[in-house]
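Note that the structure is predicted; figures quoted are calculated from it, not measured.
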Amino acid sequence: MRRVSDIEIRTLDEAQWRESLGLFRAALHALPVTDEQWAVGRKSYEPGRTLGAFRGDTLAGTAFAWSSDLLVPGGGVLPMAAVTRVGVRSDQRRRGVLRELMRHQLIDAAERGEVFAALRPTEPVIYGRFGYGLATRGAKVVASPKNAAFRPEAPSGGQVRLVEPDEALAVMPGIYEREGRRRPGTIARPQYWWTVFYERAFAAAEHIILAVHSGPTGDDGYLMYRPTQGAAPGTNATLAVEDFVATTPDALYGLWRFLLGVDLVDEVTVWARPTDEPVEELLVDSRAITSRESRSDLWLRLVDVPRALAAREYGPGSVVIAVEDPLLPTNSGHYRITADGATRTTAPAELSLDVAVLAMLYLGTWRPQSLADVGRLRELVPGAAARADAVFAVREASWSGTFF
C-alpha cells in the first residue's frame, strides 16, 4: 500500500476483483458482468496484480496486469507485465488517479524484475506521458474471396480441420508457443489470457469458428473467426478473423487458402498480421485484397532500460544516446550502443530522447532518423540519427498480434 496526496493505492484481494471489473467495464460504457459471466471471468485474474485507487472508501480507479514475457530482436525473452483493465470512474477523472495507478504499477513491475510493461490502449494519447511508445504495427487485411485465385507456384499448405472448444484449448496454446513466437514483439500468452479470449467466449456460446492447420510435423497453425450474416437480402456472410497464428509458409498460406475458399462469403477481414507479409503476391490478381491498413499494435514501456538495451541484438555502427525517464529516474543516463551490445557510459550523448521514444525504437519499427525529422528525438551530433538507423535495424518487421 502507498499513499500519495488523498489517493491511496492498494493491491486488491479476490473479494474485490469483481468490483474492479465492474469499474473497468463502466469506463467502457459496458454493463456489469452477470453471475454466470463472473464464474469464468474470475479465473482470468492473476493474484496480486490488481490495483485499486481509493479516495476514502470510494474505488476511483483500477489497473491490472498479467505476468508475461517479450521476444526481443536477436531471440532473447525477457519478463514483461501485460497491462490491461485500466479504468477510472467518470466522476474521478483528471484528478491524478490514473497517474498514481500507472506510477505504482511501474514500480511494482520493476520490483518484480519485469523488464517491460506493455498494453493495447483504447485511448493511445493517454499513455505517452507514462513512458509508453508505439513499438509495433500490424496490418488489417480485407479480401474478396470471389476474386481470389492463387498462383500455381504458391505454397499449397497442408490439411485444415475445424475443431470444437475442448480440442481447441488442448492444442492451440502449444501451437502458439511453437509457431507463433518467432518475430520480435510477440508475447507469452498466460493461461489467464486464454480464459479471457476463448473460455469466456465458449461459455457465452458466442458464434466463433476454429480451424487448425497440420503440416508434415503436425499441427502448426490455427485461426479463429466470427461469421456475420449479410444484412441485405441476397448478400453472403463476412468473416472477421481475430486470431491467426502461423509462421511457416505452408501453414500461413494453407490457412489463407482455407479462408478464401469458405463458401457463401463476400468478405474476409483479418485484423492483425505482420506488415511485411506478402499476401497480395500469393494471388493472381492482387486486387482481391481490397484493403490493407497499417494499425497500432503493441505499446511498450521499458521498465529496466539497462537490462532491455543489453538484451537485444544491434546492427553495425555505434551511437551514444541520452535517455530521460522522469517516472523511473534510475533509467535516465547515457548508453553506448554498438553491434557488441549496450552499456552505460559517461561519454557525451549524440542523440537525446525520452523513454517513450526509446520504446518506439527498441523493436525496430521506427527509424531514429524519421523520428528526428519530426522532432521526437534530438540529434546532438550531425549524422548520429543516420548511424542509429543501422544500429537499431531489425531483420524482419516486429509484430505482436496478441490483443489483451
Side-chain angles (χ1 to χ4, degrees), residues 70-73 82-84 116 118-128 132-145 147-148 180-187 221 223-226 238-247 249 252-253 255-256 259-260 267-283 285-301 312 315 353 356-377 385 388-389 392-404:
L70 179 75
L71 181 67
V72 306
V83 177
T84 186
F116 307 101
L119 47 75
R120 305 290 296 268
T122 304
E123 294 185 274
V125 296
I126 292 174
Y127 290 94
Y132 287 88
L134 178 56
T136 65
R137 299 193 69 86
K140 174 190 172 185
V141 183
V142 182
S144 172
N147 298 320
R181 299 201 62 196
R182 301 191 184 184
R183 286 182 183 256
T186 51
I187 71 170
L223 52 83
M224 181 272 267
Y225 62 86
R226 297 176 185 268
T238 61
L239 308 182
V241 182
E242 297 183 3
D243 198 13
F244 191 139
V245 172
T247 300
L252 174 64
Y253 298 119
L255 287 168
W256 267 109
L259 276 174
L260 298 180
E267 185 175 86
V268 173
T269 298
V270 179
W271 280 99
R273 292 303 300 162
T275 56
D276 61 349
E277 205 164 74
V279 179
E280 289 89 343
E281 288 71 20
L282 177 71
L283 304 172
D285 185 349
S286 63
R287 291 174 297 180
I289 304 300
T290 59
S291 172
R292 187 180 183 92
E293 176 187 346
S294 179
R295 297 171 62 87
S296 170
D297 189 34
L298 188 73
W299 283 68
L300 189 66
R301 212 289 181 189
R312 65 152 285 182
L353 62 158
V357 173
L358 182 60
M360 297 174 69
L361 300 179
Y362 185 78
L363 294 174
T365 297
W366 303 93
R367 292 172 48 242
Q369 183 66 68
S370 297
L371 296 183
D373 289 344
V374 296
R376 293 300 306 272
L377 61 83
D389 281 357
F392 280 95
V394 293
R395 301 177 190 180
E396 62 180 346
S398 296
W399 172 72
S400 178
T402 296
F403 184 82
F404 57 93

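Considering every non-hydrogen atom in both G364 and V394, the closest pair reads CA-CG1, 3.9 Å. Closest approach of A372 and A385 over heavy atoms only: CB-CB, 4.2 Å. A359 approaches A135 most closely through the heavy-atom pair O-CB, 3.5 Å. When all heavy atoms are compared, the tightest approach of L361 to R367 is CD2-C, 4.1 Å. Residues W399 and A272 share a closest heavy-atom pair of CZ2-O, 3.3 Å. Of all the heavy atoms in L260 and A143, the pair that sits closest is CD2-CB, 3.8 Å.
Legend: residues meeting ring pair (Phe, Tyr, Trp, His ring centres under 6.0 Å) with Y225, ordered by chain and number and at least two apart, are absent. For W256, the side-chain hydrogen bond (donor to acceptor under 3.5 Å, both in side chains) criterion is met by no residue, not counting sequence neighbours. With sequence neighbours excluded, no residue forms a salt bridge (charged side-chain N to carboxylate O under 4.0 Å, His left out) with R137. Taking the side-chain hydrogen bond (donor to acceptor under 3.5 Å, both in side chains) definition, one finds that R181 meets it with D69, sequence neighbours left out. For E293, the side-chain hydrogen bond (donor to acceptor under 3.5 Å, both in side chains) partners at least two apart in sequence or on another chain are R295. Scanning for side-chain hydrogen bond (donor to acceptor under 3.5 Å, both in side chains) contacts around T84 gives an empty result, with sequence neighbours left out.
Side-chain atoms of D297 come within 3.5 Å of backbone N or O of S400 as a donor-acceptor pair. Judged by distance alone, with hydrogens and angles left aside, the side-chain atoms of D389 form a donor-acceptor pair with the main-chain N or O of Q369 at under 3.5 Å.
Looking only at side-chain heavy atoms (C-beta outward), R292 and V279 come within less than 4.5 Å of each other. Using a 4.5 Å heavy-atom cutoff, the side chains of F116 and Y362 are in contact. Put simply, the side chain of R376 does not reach to within 4.5 Å of the side chain of L353, judged on heavy atoms. Residues T238 and T269 form no side-chain contact, since every pair of their non-hydrogen atoms from C-beta on lies 4.5 Å or further apart. Put simply, the side chain of L298 reaches to within 4.5 Å of the side chain of R120, judged on heavy atoms. The shortest side-chain heavy-atom distance between L283 and I289 falls under the 4.5 Å cut-off. Inter-residue side-chain proximity for Y253 and P278 is flagged as met; some heavy-atom pair is nearer than 4.5 Å. In this structure, the side chains of D276 and R183 come closer than 4.5 Å at one or more pairs of heavy atoms.
Interatomic distance, CH2 of W299 versus CE of M360, reported as 7.5 Å (0.5 Å rounding). The OG1 atom of T365 lies 12.5 Å from the CZ atom of F392; values are rounded to the nearest 0.5 Å. L119 contributes atom CG, which lies 6.5 Å from atom CZ of F404 (distance to the nearest 0.5 angstrom). With values rounded to the nearest 0.5 angstrom, D285 atom CG is found 11.0 Å from E280 atom CD. Distance check, rounded to the nearest 0.5 Å: OG1 of T186 to CG of L70 gives 7.0 Å.
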**Item:** Residue pair L223, V270: steps toward the side chain to side chain contact (heavy atoms under 4.5 Å, CB included) verdict
**Value:** CA-CA 10 Å; L223 52 83; V270 179; over 6 Å; no

**Item:** V357/W366 under side chain to side chain contact (heavy atoms under 4.5 Å, CB included): CA gap, chis, key distance, verdict
**Value:** CA-CA 9 Å; V357 173; W366 303 93; over 6 Å; no

**Request:** Take L252 and F244 through the test side chain to side chain contact (heavy atoms under 4.5 Å, CB included) and record every step on the way to the result.
**Result:** CA-CA 9 Å; L252 174 64; F244 191 139; 3.8 Å; yes

**Request:** Start with the C-alpha distance between V241 and R273, add both sets of side-chain angles, then the distance that settles side chain to side chain contact (heavy atoms under 4.5 Å, CB included), and finish with yes or no.
**Result:** CA-CA 10 Å; V241 182; R273 292 303 300 162; over 6 Å; no

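The environment of CD in E281 is crowded: more than 12 heavy-atom neighbours from other residues, nucleotides or ligands sit within 6.0 Å. Open room surrounds CZ on R395; 12 or fewer heavy atoms of other groups in view lie less than 6.0 Å from it.
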